[in-house]
Amino acid sequence: MKGLRTKENFKFLRFWKIVQDSANAMGKIFFLDCGDGNCFEDDNIECENLIGWLIDIDKSNEFEVIFKSFSNIDDVWDDYLAFVACIKMMIIILA
């Protein structure tokens, strides 16, 4: 799945779809670096705050090659760093 490096469970993927739908509405794709706490889980969904990169759709293929290689991501991408806050199932993307 776009923006992920690892296989995730179905409950996290439900959350991931909400994150990506929000990013897509801004013309972007979110690429996950790591979780950052504030975990929430119930029978249907699993979410937490996320840190990663919010990349313009037209630059996403270029970034994805670097991202999927697990190599060091250059400083040129620092302007795209973003934080996803999960607050009582309200998703906020801060870029």
Atom CZ of F63 and atom CH2 of W53: how far apart are they, to the nearest 0.5 Å?
5.0 Å
Residue list, side-chain contact (heavy atoms from CB on, under 4.5 Å) with D75, at least two apart or on another chain:
D78
Where do L4 and F67 come nearest, in terms of heavy atoms and distance?
C-CE2, 3.8 Å
Working for side chain to side chain contact (heavy atoms under 4.5 Å, CB included), residues L54 and Y80
CA-CA 5 Å; L54 192 61; Y80 297 94; 5.5 Å; no
Can you say whether the rings of F15 and F12 are parallel (under 30°), tilted (30 to 60°) or perpendicular (over 60°)?
perpendicular
Enter the distance from I45:CD1 to L13:CG here, rounded to the nearest 0.5 Å.
10.0 Å
Starting at CH2 of W77, measure out to NZ of K59 and round the result to the nearest 0.5 Å.
6.5 Å
Using atom types as modelled, flag every donor-acceptor pair under 3.5 Å from a side chain in residues 23-32 to any protein atom, sequence neighbours excluded.
unit_1, atom_1, unit_2, atom_2, d
N24, ND2, Q20, O, 3.4
N24, ND2, K28, O, 2.8
K28, NZ, D56, OD1, 2.3

Pairing residues for E64 by the salt bridge (Lys or Arg N to Asp or Glu O under 4.0 Å) criterion, not counting sequence neighbours
K2
Does one hydrophobic cluster hold both I55 and V65, with members joined at side-chain heavy-atom distances below 4.5 Å?
no
So which pairs with a foot in residues 3-24 pass salt bridge (Lys or Arg N to Asp or Glu O under 4.0 Å), sequence neighbours left out?
R5-D33, K11-E41, K17-D21
Using the test side chain to side chain donor-acceptor pair (under 3.5 Å), find all partners of N9 that sit at least two apart in sequence or belong to another chain.
E46
Do any N or O atoms from the side chain of D36 and from the backbone of L50 form a donor-acceptor pair under 3.5 angstrom?
no
Does K68 have any salt bridge (Lys or Arg N to Asp or Glu O under 4.0 Å) partners at least two apart in sequence or in another chain, and if so, which?
none
